[in-house]
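Note that the structure is a prediction, hence the values are computed from the model and not measured. Each chain gets a letter, A, B and so on, in the order the sequences are listed, and its residues count up from 1.
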Amino acid sequence: MADSGVTDEPGTKDDVHRAKTEGKELSKEEKQRLRKEKKQQKKNKEKKDEKASHESEKKKNKEEKPVSAAAPASQPPTQPSTQKAVPAPAPVPVPVSETPALADKPAKTKADLKAERRARQEAERASKQAATSKPKAPPNELQPVVKRLPEHVQVDNPGVLKKLAKKLERQQTPGCNAATNAKIPLRLDYGYKVSLFSHLHQYSRKAPLTQQLSIPSTVIHPAIVRLGLQYSQGIVAGSNARSVALLHAFKQVIRDYTTPPNEELSRDLVNKLKPYISFLSQCRPLSASMGNAIKYIKKEISNIPSQCKEEEAKRKLLSCIDCYIDEKIILAAKAIAKSSIEKISNGDVILVYGCSSLVNHILCEAFEKNIKFRVIVVDSRPRLEGREALRRLVQRGISCTYVLISAVSYILPEVSKVFLGAHALLANGYVMSRVGTSQIALVAKAFNVPVLVCCETYKFCERVQTDSFVSNELDDPDDLIVTRKGKTQLEHWQDVPSLGLLNLVYDVTPPDFVDLVITDLGMIPCTSVPVVLRVKNVDQ
Amino acid sequence: MELQAVLMAAGGGSRMTDLTYNTPKPMLPVGNKPLMWYPLNLLERVGFEEVIVITTKEVQKMMATDPKMKIDVKMKLDVVCIQEDGDMGTADALRHIQQKIKTDVLVVSCDLITDVALHEVVDLFRAHNATLAMLMSNAHEFTETVPGQKGKKKTAEQRDFVGVDQSGKRLLFMANEADLEDGLSIRKSIMRKHPRMHIKTGLVDAHLYCLKKAVVDFLADNKSISSIRGELVPYLVRKQFSKTTNSPKIKDDAENQNQKTNDNFTYSNQRDNTILQPQQYEPLLQLAQERSCWNDHRGDMSEAYHGGKLRCYVHIIDQGLCCRVNTLAAYIEANRLAPKLFEEPAVHPSAVISERCQMGSDSIIGALCQVADKTSIKRSTLGNSTTVKEKVKVTNSIIMHGVTIEEGCNIQGSVICSNAVIGRGADLKYCLVGNGQRIEPEGEVHSHKHTK
């Protein structure tokens with residue numbers, strides 16, 4: 001719907017675009033013409049009638065850049081609506097387009113030629129697809145662009161696992177000996193997985209990936225091996241910390257990189273990074289912030305002009321990385337702190353959950369500004385990260401209370417505001433954060449306490465999720481085992497066939513429970529996340 | 001490159017001179033393979049491609065001629081020779097090759113036989129950005145009677161006191177009994193940071209160390225440290241908790257554990273703070289650690305690692321084989337355990353064994369042996385080119401290369417070194433026969449070291 005609004009721009013722009021982009025966007029007349037021709041084709045081909053129209057519909061939708069969530073069911077209604085809408089502005093753009101056309105005869109003939117070429121291509125495509133005649137579900141249930149499920153949420157599908165293993169084999173670092181046949185090892189799952197989450201990986205901390213690597217690691221840069229170990233052991237934890245550590249490791253990789261002969265830095269370096277990223281994602285699934293950082297780096301690397309010398313290119317990349325961290329993490333934190341401090345007033349009782357580096361930063365800054373408030377730190381097992389948050393706040397001198405999450409409804413009557421950190425903000429406004437956050441938001445909503453989520457924009461991601469099952473992370477189930485008074489009750493949990501231990505890491509909070517999202521772009525409601533994403537994409 | 005391997009093979013074997021006065025320790029046969037083959041094999045299995053071997057000229061010559069070393073060891077060995085008679089300690093040797101060391105270093109001793117998963121030690125080194133990571137094992141008591149020792153001799157070995165923290169990984173304290181005169185004194189600063197410390201005495205140091213490159217550079221400047229185990233490691237462990245601010249007062253009374261060598265550390269305090277502390281954390285690493293919600297301890301107000309930049313870690317193994325062959329008892333034990341590490345045929349294909357020979361399943365026969373009829377070989381190792389004549393009974397013994405055993409001998413619990421000749425009908429119990437010795441026929445030797 002939003003898209004058809006975009007494409008309904010005045011026709012002059014379309015002409016200009018056409019001339020520039022070689023017909024990537026069709027003007028209204030061309031679309032009309034195509035539609036007419038397709039209708040004719042439909043009438044001509046009786047047997048392949050349905051399929052042809054389906055193919056053409058899909059193609060049309062592809063050309064119109066569909067929004068992923070938009071169902072094709074809405075497309076047929078929009079088409080007639082655009083058809084209706086088009087005749088209205090059509091008289092306006094048509095004379096407008098005609099005048100430049102008349103003035104510029106080659107343009108009009110070019111348009112004609114292009115339209116004819118288009119029609120021919122589509123006819124060919126339709127016939128080819130009809131010829132192969134793949135059985136397809138009725139188009140109303142099919143999405144126009146089939147998005148493939150990421151591999152890390154298809155663990156229970158053996159075909160996908162095999163594909164992943166093959167992909168790791170193929171991703172040998174370029175330039176390694178064929179004799180050694182070094183490849184990225186595959187980390188095996190551990191223990192019984194609860195059936196609802198059997199599509200996710202579950203690794204054991206006691207079986208690190210380095211077991212299968214050679215010790216002076218030649219396949220993978222030592223900085224990346226160290227980083228992977230730190231991820232899997234939890235030494236570097238927290239969205240910001242992981243991204244910064246990742247960028248630091250990439251800086252070392254870039255520093256030690258030399259372009260092999262007959263290769264271009266812009267292409268070879270990206271290929272070199274791929275096995276490292278596979279390795280890291282096996283040590284611990286990548287976070288949304290890390291994904292965005294990797295996208296940024298890959299873009300920067302591929303944008304390096306080929307005539308740039310290696311030293312200069314490396315220097316440029318290193319400064320790009322520093323710039324990214326400065327902008328997106330350090331300055332963003334400052335900006336967010338500044339906006340948040342306006343929301344904290346004297347006498348406030350602020351509830352925080354777990355250890356979010358951003359929220360801690362905000363509270364410390366607010367304390368520096370001599371605002372009188374106190375903090376309630378809510379913590380949960382097995383990570384017990386709240387203790388670390390408690391330590392940092394108390395060290396600064398902030399008066400804190402510490403409770404476990406089971407006491408949240410008892411303590412909420414005292415609370416005036418809830419500040420939450422986020423791991424990622426999804427495109428439909430849901431907040432992905434540490435497991436337990438949605439509970440806190442829910443209870444806060446029940447008590448009518450405002451919930452503010454603080455999140456930098458580089459953590460915004462284009463994924464859409466409405467529940468915590470489809471995509472999550474399963475941590476080591478042995479973390480749930482605790483020894484009290486010398487007795488470890490769950491020690492032999494694997495021997496009990498009906499028992500499964502589940503250690504979830506993330507959960508999603510619906511936007512109804514979140515009152516405000518504080519970002520470095522300002523304070524926005526949860527539903528404005530897609531706007532921010534779109535603005536970001538246009539910028540890039 | 002991540003790690004460089006250094007094999008220390010210049011040791012003299014001072015605690016088993018009976019065996020080593022003729023054969024240098026690295027080439028002593030254990031399970032019919034030279035002793036230094038075992039650590040080299042460990043490094044090769046793990047994935048090293050190059051090793052720097054520090055040894056003497058004599059050993060280098062023997063290495064060149066030994067078939068096992070030439071064929072089985074596929075890695076590139078960079079042999080550095082040092083003077084044999086010189087009093088070079090392990091740290092001195094590291095200093096000697098300082099030019100070759102370009103990255104962090106993994107130092108292994110030639111007398112280590114183990115099947116430990118080396119990645120456990122190296123992972124500690126990598127994950128915590130440690131300065132030192134070492135390997136230790138819970139020692140076993142040697143049950144076999146050691147030849148040449150009359151009666152049960154209590155091992156009056158000096159005990160090592162090793163203090164580790166709650167997780168069992170961080171090394172807090174290390175001292176040898178010889179250096180502690182009145183008792184164990186632990187600094188208050190350590191107790192404040194790590195209130196729960198486990199002190200273990202039964203651990204065997206495997207002499208396998210991962211050291212940062214900065215430590216090698218530090219050694220180059222501090223020429224007084226000559227032994228890694230004896231001086232460098234306790235020094236590094238102590239240095240974890242020393243105040244970073246340098247006080248003009250040089251002697252720290254609370255540190256008086258190494259009475260003898262205390263003077264040697266005094267002058268180095270001033271400079272080593274800059275050398276041993278790794279160059280200031282890259283700002284990004286610092287930022288990552290600040291933002292990370294992880295702490296290695298809890299209960300006090302300090303950040304992860306208590307803000308200390310120098311960290312020493314230890315990996316203690318409970319199961320598995322880890323023995324250091326530096327005494328006679330260890331040598332015998334190793335001979336029995338080492339063959340179990342590998343699945344090689346017990347009998348070398350080129351050995352000639354007659355059918356009427358009774359051979360136990362846990363015996364090893366070397367290449368080109370000749371074993372005659374009516375012999376019985378149980379729980380023993382026969383070296384290469386040994387000749388065993390008829391009616392010989394060999395039990396629980398280690399026979400090295402080139403030995404001739406005449407008929408009717410009875411050898412029990414003994415070690416016979418290379419090229420010895422045991423005369424006819426000799427009866428040896430718990431003996432040690434040195435290199436090239438002769439035992440007279442019908443001789444009866446009991447618990448005696450028959451050397452030159």
How long is the gap from [atom1] on [X] to [atom2] on [Y], to the nearest 0.5 Å?
X: A/Leu229; Y: B/Asn129; atom1: CG; atom2: CG; result: 12.0 Å
X: A/Ile235; Y: B/His128; atom1: CD1; atom2: NE2; result: 4.0 Å
X: B/Leu284; Y: A/Ser243; atom1: CG; atom2: OG; result: 11.5 Å
X: A/Gln395; Y: B/Asp300; atom1: CD; atom2: CG; result: 9.5 Å
X: A/Asn360; Y: B/Arg291; atom1: CG; atom2: CZ; result: 9.5 Å
X: B/Arg126; Y: A/Gln233; atom1: CZ; atom2: CD; result: 11.0 Å

What residue, out of [options], has the most heavy-atom pairs lying under 4.5 Å from chain B?
options: A/Val244, A/Leu247, A/Val225, A/Asn240; result: A/Val244
options: A/Pro208, A/Pro222, A/Ala223, A/Gly354; result: A/Pro222
options: A/Gly234, A/Ala389, A/Ser232, A/Gly238; result: A/Gly234
options: A/Arg392, A/Gln230, A/Arg391; result: A/Arg391

Applied to residues 226-251 of chain A, the salt bridge (charged side-chain N to carboxylate O under 4.0 Å, His left out) test, sequence neighbours excluded, yields A/Lys251-A/Asp322

Residues of residues 95-117 of chain B with a heavy atom under 4.5 Å from any heavy atom of chain A, in residue-number order, are none

Q. Contact part of B/Glu120 toward chain A, heavy-atom cut-off under 4.5 Å: side chain, backbone, both or neither?
A.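 Nothing of B/Glu120, per the 4.5 Å heavy-atom cut-off to chain A.
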
- Task: Please flag which part of B/Val46 lies under 4.5 Å from any non-hydrogen atom of chain A: side chain, backbone, both or neither.
- Result: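 Backbone plus side chain of B/Val46, per the 4.5 Å heavy-atom cut-off to chain A.
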
Side-chain donor-acceptor pairs under 3.5 Å in residues 378-386 of chain A, sequence neighbours left out?
| residue | atom | partner | partner atom | Å |
| --- | --- | --- | --- | --- |
| A/Asp379 | OD1 | A/Glu385 | N | 3.3 |
| A/Asp379 | OD1 | A/Gly386 | N | 2.8 |
| A/Asp379 | OD2 | A/Gly386 | N | 3.4 |
| A/Asp379 | OD2 | A/Tyr402 | OH | 2.5 |
| A/Ser380 | OG | A/Tyr353 | OH | 2.8 |
| A/Arg381 | NH2 | A/Leu480 | O | 3.1 |
| A/Arg383 | NH2 | A/Asp475 | OD2 | 2.9 |
| A/Glu385 | OE1 | A/Arg434 | NE | 3.1 |
| A/Glu385 | OE2 | A/Arg434 | NH2 | 2.8 |

So does [Y] get a backbone contact from the side chain of [X], meaning a donor-acceptor N/O pair under 3.5 Å?
X: A/Glu388; Y: B/Cys293; value: no
X: B/Glu2; Y: A/Ser217; value: yes
X: B/Ser292; Y: A/Ala237; value: yes

In terms of heavy-atom contacts, A/Gln211 and B/His119 come closest through CG-NE2, 2.9 Å

Among B/Ala5, B/Ala288, B/Gly47, which residue has the highest count of heavy-atom pairs closer than 4.5 Å to chain A?
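Top option by heavy-atom pairs under 4.5 Å: B/Ala288.
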
Residues at least two apart in sequence or cross-chain that pass side-chain contact (heavy atoms from CB on, under 4.5 Å) with B/Asn41, listed by chain then number, are B/Trp37, B/Arg45, B/Phe342

Exercise for review: Kindly indicate whether the side chain of B/Leu287, heavy atoms from C-beta on, has any atom under 4.5 Å from the side chain of A/Ile325.
Suggested key: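 SC-SC contact between B/Leu287 and A/Ile325 confirmed.
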
Turns out that what part of A/Arg387 lies under 4.5 Å from chain B's heavy atoms comes down to side chain

Practice task
Show your working on side-chain contact (heavy atoms from CB on, under 4.5 Å) between B/Trp294 and A/Val236 and close with a plain yes or no.
Solution key: CA-CA 7 Å; B/Trp294 177 83; A/Val236 175; over 6 Å; no

